[in-house]
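What follows is one structure encoded as structure tokens, with my remarks underneath.
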Amino acid sequence: DYFPFMMGPFKLYFLYTLGFGVDPALRINVFDELKLGESYAGVFQVQGFHNESRAFLFQDSWRNVRVKEDVAEVMLQKLRDKTEFTVLATLKQERLNSGVLLSIHYAEHRYLELESSGQRNEIRLHYRTRDQRQHTEGFPYSLADDRWHKLSVAVSVSHVVLHVDCNRIYERVIENPSMDIPSDTTIWLGQRNQAHGYFKGIMQDVQLVVMPQGYISQCPDLNRTCPTCNDFHGLVQKIMELQDVLAKTSSKLSRAEEKMQGLDGCYCERSCSMNGELYREDERWTDGCRNCSCYNGTVQCETISCPPPQCPPDSAPAYVPGTCCKECQPVCLFRGRVYVEGDLKSVRDSSGNCLLFECQKHSMQRVENAPCPELTCPESEHITLTDRCCKVCRGHHFCVEGHSPSCVENSECVNLEAGSCCSCKDGYRALRDDSAYCGDIDECAEGKHYCRENTMCVNTPGSFMCICHTGYIRIDDYSCTERDECTTGLHSCDENAICFNTVGGHSCSCKPGYVGNGTVCRALCDGLCQNGGSCVNPDTCICQQGFTGKRCETDIDECATERHSCANDTVCFNVDGGYDCRCPHGKNCTGDCNHDNKHKHNGQIWVLDNDRCSVCSCQSGLVMCRRMVCDCESTTADLFCCPECNPGLSSQCLHQNRLITYSSGDTWVENCQQCQCMSGEVDCWPMSCPPVVDCEFTQVPEGQCCPHCITDPCQADTVRNDITKTCVDENGLTRFSGAAWTKHRTECTLCQCKVRQRGSWEYTQTVGDRHTLIYCMHSHILMNVLIQTDRYTDTHLHTEWEPDTHAHAHTHTHTHTHLHTEWEPDKDRHLQKGV
């Protein structure tokens with residue numbers, strides 16, 4: 001409660017709270033005033049933030065939650081001309097939804113509107129300033145996250161504080177709001193009007209508190225300026241815990257410093273690791289056909305260059321296991337051929353027996369022949385070899401026997417018809433002619449790679465990699481692009497299309513069962529859907545009310561299935577897409593209706609001819625019409641009237657005139673607001689205008705949205721406050737340039753001081769929808785001019801005068817009314833001509 005105490009000309013108010021309550025005279029509970037417990041289309045009562053608390057779900061886009069005129073006037077009386085008030089709400093807003101929580105507006109003038117944008121993660125406060133300009137204050141914050149939040153926006157003259165979940169988020173100085181709210185102002189909840197700003201989610205406890213710091217009633221703990229004993233003990237406990245952590249951290253730091261001092265005397269040598277072996281700095285070794293060294297922790301290797309060996313006549317160069325270059329080996333001459341030390345040769349004697357010889361110390365020595373295993377293949381598949389007596393089957397695996405050449409580095413054994421050999425792995429080339437040792441091919445240096453735009457080739461053992469430049473995203477193994485438009489959702493593909501990211505863009509292709517260019521894909525049905533049905537999925541039709549079947553080809557007989565609502569004294573007649581209740585011949589059925597000069601029977605339901613989205617019914621002589629209720633779970637939902645039920649259009653937006661459809665991501669300008677469609681939700685925000693600097697008078701030209709500099713103050717919409725320039729009003733009071741005031745003993749006359757050279761000033765009179773602007777020049781004499789007109793028109797009067805001459809006045813109105821005023825300096829006189 002408030003208790004006033006008079007102290008001279010000042011009045012002090014002391015507020016006390018009992019259980020943090022607020023005087024009911026200062027609180028406006030919007031839910032109670034609306035009586036939301038009663039029926040409102042699109043609003044359903046659900047469980048609130050706390051158990052057993054009452055909340056309301058705002059769902060579809062056809063609701064009309066508006067306060068009745070008489071109730072709204074009572075609410076506005078509490079708010080009118082107030083400079084301190086708070087808007088409180090507890091809400092749970094759907095993700096990406098942009099909607100109005102509370103709107104108080106007259107025509108296009110929003111006196112107080114609170115909006116939450118899920119598209120731009122912003123809370124907006126719309127209001128009118130003292131100089132009757134529309135202003136929007138934006139607070140970057142996301143409420144549309146499908147979670148419960150407590151919201152408070154407190155305004156105190158030119159000071160606004162935003163609390164979310166009892167945390168102070170923003171505190172700003174703003175232009176003074178004007179609560180000079182006219183009569184017939186409307187109050188809406190969960191929407192701006194019947195066509196814009198639909199909030200989707202749950203709200204509860206929406207209140208207006210006409211007092212400073214009204215957020216205390218929502219968050220009582222914020223009222224505490226001094227800590228309690230419990231707070232003090234908790235703070236002492238936290239300080240003791242921090243002291244303990246500090247002591248332990250200091251001990252660890254001390255031990256770490258001791259270890260670091262011990263490490264200062266150590267010499268750290270960098271080492272290298274290769275093939276599981278550890279090598280010290282500057283150590284050198286041979287690895288196959290490479291000479292390697294360890295330098296600064298990195299292994300560096302170079303290919304060995306083998307000079308041709310100079311062998312004596314009884315030897316020949318040959319590879320020896322474990323060495324890279326050929327060495328001189330003893331040779332044997334046997335039956336006209338030369339064999340190197342260790343070579344085997346099988347021959348048959350005159351009796352056909354197989355004898356096996358081996359080259360040893362310049363001569364072929366006979367060696368014992370082991371028993372031959374039994375072969376499992378047909379005799380036609382037997383193969384005779386030259387280095388053994390035993391035959392093998394065709395396709396024999398020689399590499400697993402160990403008799404093949406030793407394939408050492410980056411080489412692998414390959415089976416042949418009668419033996420085996422070594423072959424380099426992919427990405428390597430032979431370092432010697434038997435391919436037992438192979439070296440890596442540098443595809444990047446030799447230009448043998450496939451790296452494309454925005455990549456850098458990096459050589460790897462046996463292959464290469466294409467590394468994306470900084471800031472680029474990989475498309476495939478060989479190319480990168482600036483951004484992946486497909487995964488980030490920045491593409492124009494239809495939801496029934498497949499997105500393919502490309503260098504510098506993307507491409508779209510419709511999914512199987514859909515046709516189109518990829519940007520727009522429509523379901524493909526085998527034949528047309530009949531009777532107004534819509535093809536929404538491949539080979540799937542959704543029928544209009546009254547029809548069924550795969551192609552919507554079958555009319556539902558409501559009369560036979562008793563799915564009608566005809567009265568007992570009428571007869572049901574089935575018609576295409578519905579039914580008709582007719583009065584039997586000779587009888588007088590009561591409750592019939594007449595609509596658009598057509599006879600309708602009691603209980604009959606029909607769709608308007610000029611609006612297929614409105615359904616009417618005849619109820620006991622009364623015609624009741626309403627918008628079609630959208631039940632997306634029903635298979636008979638009309639997708640034209642319920643675009644939100646169409647899975648193919650779920651990301652599109654429908655303009656308020658219901659004639660224009662926008663795709664997700666489209667932007668447009670309407671009523672000086674920038675609008676955007678995103679995932680089926682429309683969000684609009686004030687257009688950003690470039691700052692107007694070094695400009696005393698500004699005006700927004702007709703058809704434009706941003707102010708421009710002008711020199712004539714009479715045409716100015718806003719005037720910068722300047723205490724160095726003054727006017728004298730009709731009561732002799734001095735006013736500063738830019739100041740505005742209400743004329744004494746009037747309610748519809750607004751005056752404003754606009755000064756330029758020679759002390760000019762402007763007088764603005766507003767009567768109903770009529771605005772009369774008078775610009776006067778004065779020197780030592782104040783001129784009183786009276787304007788009389790019987791028409792509600794916009795009249796601009798420009799008067800120039802000198803003390804020794806008469807004044808000449810020009811008026812310009814939309815109805816071409818001309819007013820000529822003459823006066824004399826020694827007395828005030830008014831002559832009205834030509835009106």
Side-chain angles (χ1 to χ4, degrees), residues 20 49-51 88 90-93 95 116 118 120-123 138-154 159-173 213 215-283 294-299 456 458 460 465 467-474 483-484 487-488:
F20 302 104
F49 179 55
H50 302 291
N51 292 335
L88 304 174
T90 304
L91 56 91
K92 181 181 180 183
Q93 187 176 9
R95 296 182 185 274
S116 171
R120 297 174 65 86
N121 294 329
E122 189 176 44
I123 300 173
F139 304 93
Y141 197 88
S142 177
L143 286 179
D145 56 2
D146 206 24
R147 298 180 180 178
W148 281 104
H149 293 288
K150 288 184 177 180
L151 175 67
S152 166
V153 179
H159 186 238
V160 62
V161 181
L162 172 67
H163 284 83
V164 178
D165 298 329
C166 298
N167 296 309
R168 180 171 296 190
I169 307 300
Y170 291 102
E171 186 171 359
R172 294 181 184 172
V173 176
Q213 300 178 349
Y215 51 82
I216 295 176
S217 65
Q218 187 183 64
C219 304
D221 288 343
L222 297 179
N223 192 36
R224 288 161 46 184
T225 57
C226 298
T228 64
C229 294
N230 191 33
D231 292 336
F232 180 76
H233 290 310
L235 181 61
V236 172
Q237 182 66 28
K238 288 294 182 182
I239 293 176
M240 294 176 63
E241 292 177 0
L242 289 175
Q243 288 177 338
D244 184 56
V245 172
L246 178 61
K248 293 180 179 178
T249 304
S250 300
S251 178
K252 292 180 180 180
L253 181 61
S254 177
R255 291 195 296 269
E257 289 178 346
E258 293 177 359
K259 291 183 178 180
M260 292 180 63
Q261 291 176 357
L263 292 175
D264 289 341
C266 296
Y267 170 72
C268 297
E269 180 182 72
R270 305 194 66 178
S271 59
C272 303
S273 178
M274 183 176 181
N275 298 330
E277 296 289 335
L278 189 65
Y279 299 94
R280 298 185 63 181
E281 182 77 6
D282 294 332
E283 186 176 354
C294 177
Y295 176 73
N296 197 25
T298 304
V299 176
M456 177 180 63
V458 176
T460 60
M465 291 180 60
I467 306 299
C468 294
H469 291 326
T470 302
Y472 288 81
I473 301 173
R474 179 173 302 280
R483 58 183 180 180
D484 190 342
T487 58
T488 57

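Because the structure is a prediction, the values reported are computed rather than measured. Only heavy atoms go into these numbers, but all of them, side chains included; no hydrogens, no water, no symmetry mates.
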Going from [atom1] on [X] to [atom2] on [Y], what distance comes out if it is rounded to the nearest 0.5 angstrom?
X	Y	atom1	atom2	answer
Ser250	Arg255	OG	CZ	11.0 Å
His149	Thr90	NE2	OG1	11.0 Å
Gln93	Asp145	CD	CG	8.5 Å
Phe139	Ile169	CZ	CD1	11.0 Å
Asn167	Leu162	CG	CG	10.5 Å
Asn121	Ser116	CG	OG	8.5 Å

Could you report the tightest heavy-atom contact between [X] and [Y], atom names first, then the distance?
X	Y	result
Glu281	Asn296	OE2-N, 2.7 Å
Ala144	Gly118	CB-CA, 3.6 Å
Ser271	Cys294	C-SG, 3.9 Å
Glu171	Val161	CG-CG2, 3.8 Å
Trp148	Asp165	O-OD1, 4.2 Å
Val299	Ser273	CG2-O, 4.1 Å

- Please determine, by modelled atom types, if Ser152 and Gln218 share a side-chain donor-acceptor pair under 3.5 angstrom.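 Per modelled atom types, Ser152 and Gln218 side chains form no pair under 3.5 Å.
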- Query: Hey, mind stepping through Glu277 and Met274 against side chain to side chain contact (heavy atoms under 4.5 Å, CB included) and telling me if it holds?
  - Reply: CA-CA 5 Å; Glu277 296 289 335; Met274 183 176 181; 5.8 Å; no
- Item | Side chain to side chain, Met240 and Val236, heavy atoms closer than 4.5 Å |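 Yes. Closest side-chain heavy atoms under 4.5 Å.
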- Task: For the pair Ile123 and Leu151, evaluate side chain to side chain contact (heavy atoms under 4.5 Å, CB included) and give the outcome as yes or no after the intermediate values.
- Result: CA-CA 10 Å; Ile123 300 173; Leu151 175 67; 4.1 Å; yes
- Backbone N/O of Pro140 and side chain of Tyr170: donor-acceptor pair under 3.5 Å: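 Answer holds: yes.
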- Item | Asp244/Lys248 under side chain to side chain contact (heavy atoms under 4.5 Å, CB included): CA gap, chis, key distance, verdict | CA-CA 6 Å; Asp244 184 56; Lys248 293 180 179 178; 3.4 Å; yes
- Message: Tell me whether the count of non-hydrogen atoms from other residues, nucleotides or ligands lying under 6.0 Å of CZ in Arg147 goes above 12.
- Response: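 No, not enclosed.
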